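Values in this document were obtained by computation on a predicted structure and should not be read as measured data. Per chain, numbering begins at 1; letters A, B, ... match sequence-line order.
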Protein chains: 2
Amino acid sequence: MQNIGLKLKALRNTKGLSQRKLAARANVSNASISLIEHGRTDPSMGLLKRILDSLDVSFAEFFSADDFDDEKYFYRNDELSEISSGLISYMQVGSDLSKSHLQILYERYHPGADTGQSMLSHNAEEGGIVLQGRLEVTVGEQVQILLAGDAYRFNSSLPHRFRNTGNKDCIVVSACTPPSF
Amino acid sequence: MQNIGLKLKALRNTKGLSQRKLAARANVSNASISLIEHGRTDPSMGLLKRILDSLDVSFAEFFSADDFDDEKYFYRNDELSEISSGLISYMQVGSDLSKSHLQILYERYHPGADTGQSMLSHNAEEGGIVLQGRLEVTVGEQVQILLAGDAYRFNSSLPHRFRNTGNKDCIVVSACTPPSF
DNA sequence: TTGAATTGTTAAATTAATTTAACAAAAAAT
DNA sequence: ATTTTTTGTTAAATTAATTTAACAATTCAA
């Protein structure tokens, strides 16, 4: 478990704490911190929990925290990655999201556009806001027509479907975590 | 660590495995499974990893799998939760995000609006698309003016700042995972 | 330049996790 | 019915994590 050690050391350093300071806050021995950081022990969950708690970091955060660090933060309108699919065009913020947790899309549904059915069952969570037009959204047993200003959010494991039932383009800004494609 | 035990037991049952079957696949003793499930031991990371690996479940999944399940999927424009803060108004999709991983906001920056500085260091990831107006965004050492159609995305642990440097309202749809407030 | 405090490491001692091996209870097989 | 497996639990034995307490190296003060 060398990897955990490296992560912990990095985390400790960003908080500017010494092994002993961290040990005191977490109520563990400083030796434990040293041994874990060097991968010379296989820490118990309880020990690691006390340490992470004292750093205000949850297990989920700690294990999902493989920070992406491209230095690209800004995207001009024409730099958005276009992903076309039939009558729907998706403009994605960022191109390679493989190390990312968040996907943001500017979506344009042409009249008659229809996603068909469930985009699979990712353990994901998604939502969006309608900016223009008319969007029929189905989630589980529920169906709704959303107009400009309306919004949706649900767990992506539920079967869902999007349709533009209007006669003009429908525009939506959506987000999904983790990315769905 | 009673909670880990309950989770593991539930997970094992959904896969239809007995303690011994699981133990064999994970190459651990069946006693360990029993002790963990009853919270009578504080398992080591390595032991738990072997068990989860054999179930094709990552640590991240194991700890983040607290599915939210409100049956509320749709939000009319006037149902968005307004969170005002000085010259900025945030319209949030959903009210209680405590069990959620995703926060979606419709943001309106009045002229002169300024977030000041770093919204702290959440181990989060955020991004957004500018729909209207002029937004100055600072991330780390970089500063950019974004106009309608432009976008941003970055790791929220970087110091960042938003300012409306135009003379009209600026509108942005943003997303953040996990929610920042 | 000296002394005090703080750093990270590590052997030895202690405590606890993990396995081995046994047990009883329940289900399956003959 | 009765044997044979399979189930989950647990004491005892073994192995390993964790702490205590020491060490040398570095930084800070005066």
Side-chain angles (χ1 to χ4, degrees), chain A residues 1-67 69, chain B residues 1-67 120-121 123 157 159:
Chain A
M1 291 271 119
Q2 175 70 6
N3 194 28
I4 286 178
L6 295 176
K7 272 191 176 179
L8 177 59
K9 186 169 188 175
L11 184 57
R12 175 171 67 81
N13 285 331
T14 65
K15 305 263 182 177
L17 292 169
S18 69
Q19 289 183 347
R20 283 179 146 88
K21 291 263 174 60
L22 173 56
R25 282 170 56 158
N27 206 37
V28 304
S29 73
N30 55 304
S32 291
I33 307 285
S34 177
L35 294 172
I36 292 172
E37 289 187 355
H38 285 263
R40 299 178 60 85
T41 190
D42 178 16
S44 71
M45 297 300 300
L47 186 79
L48 191 60
K49 182 172 183 353
R50 275 186 284 164
I51 295 170
L52 293 182
D53 279 352
S54 78
L55 291 168
D56 274 316
V57 173
S58 70
F59 272 120
E61 287 171 300
F62 186 70
F63 292 114
S64 69
D66 296 297
D67 349 24
D69 234 353
Chain B
M1 293 268 118
Q2 176 68 8
N3 195 28
I4 287 179
L6 295 177
K7 274 191 176 179
L8 178 59
K9 185 169 188 175
L11 184 57
R12 175 172 65 83
N13 285 332
T14 65
K15 305 262 183 176
L17 292 170
S18 69
Q19 289 183 347
R20 282 179 147 88
K21 290 263 174 61
L22 173 56
R25 283 169 56 157
N27 207 35
V28 303
S29 72
N30 55 304
S32 291
I33 308 285
S34 177
L35 293 172
I36 291 171
E37 289 188 355
H38 285 261
R40 298 178 62 84
T41 190
D42 177 16
S44 72
M45 298 292 303
L47 187 77
L48 191 58
K49 181 168 182 359
R50 276 186 282 164
I51 295 170
L52 293 182
D53 279 352
S54 79
L55 292 168
D56 274 314
V57 173
S58 70
F59 272 117
E61 287 171 301
F62 187 70
F63 291 112
S64 73
D66 298 295
D67 351 25
L120 290 177
S121 89
N123 229 355
S157 61

Have a look at A:Ser34 and say if it touches a base, only the backbone sugar-phosphate, or nothing, with a 4.0 Å heavy-atom cut-off. base

Round to the nearest Å and state the distance from A:Leu35 atom CG to C:dA12 atom C1'. 13 Å

What is the distance, rounded to the nearest whole Å, between atom CD of B:Glu37 and atom C1' of C:dT18? 16 Å

Starting at CE of B:Met45 and ending at C1' of C:dT18, how long is that distance when rounded to a whole Å? 17 Å

d(CG, A:Asn30; C1', C:dT9) in whole Å: 9 Å

May I ask you to say what B:Ser18 touches in the nucleic acid, namely base, sugar-phosphate or nothing, with a heavy-atom cut-off under 4.0 Å? sugar-phosphate

Roughly, in whole Å, what's the span from CG in A:Leu22 to P in C:dG8? 10 Å

side-chain N/O B:Arg12 vs D:dG8 OP1/OP2, d < 4.0 Å: yes

About how many Å separate CZ of B:Arg12 and CG of B:Leu17, when rounded to the nearest 0.5 Å? 8.0 Å

Below 4.0 angstrom from OP1 or OP2 of D:dT9, is there any side-chain N or O of B:Gln19? yes

So CG of B:Leu22 and CG of B:Leu8: to nearest 0.5 Å the spacing works out to 6.5 Å

Could you say whether A:Arg20 or A:Leu47 is positioned toward the 5' end of DNA chain D, judged by the nucleotide with the nearest heavy atom to each? A:Leu47

Quick one: OG on A:Ser44 to CD1 on A:Ile36, what's the gap to the nearest 0.5 Å? 8.0 Å

B:Asp42 side chain, from C-beta outward: closest of D:dT20, C:dA17, C:dT20: C:dA17

When you match B:Ser44 and B:Lys21 each to their closest nucleotide on DNA chain D, which lands nearer the 5' end? B:Lys21

Could you state the CZ-C1' distance from A:Arg50 to C:dA16, rounded to the nearest angstrom? 12 Å

List the residues meeting salt bridge (charged side-chain N to carboxylate O under 4.0 Å, His left out) with A:Arg50, not counting sequence neighbours, and say none if there are none. none

Without decimals, in angstroms, what is the distance between B:Arg40 CZ and C:dT19 P? 17 Å

To the nearest 0.5 Å, how far apart are CG in B:Leu47 and OG in B:Ser32? 5.0 Å

Could you tell me the separation between the CG atom of A:Leu48 and the P atom of C:dA16, rounded to a whole number of Å? 19 Å

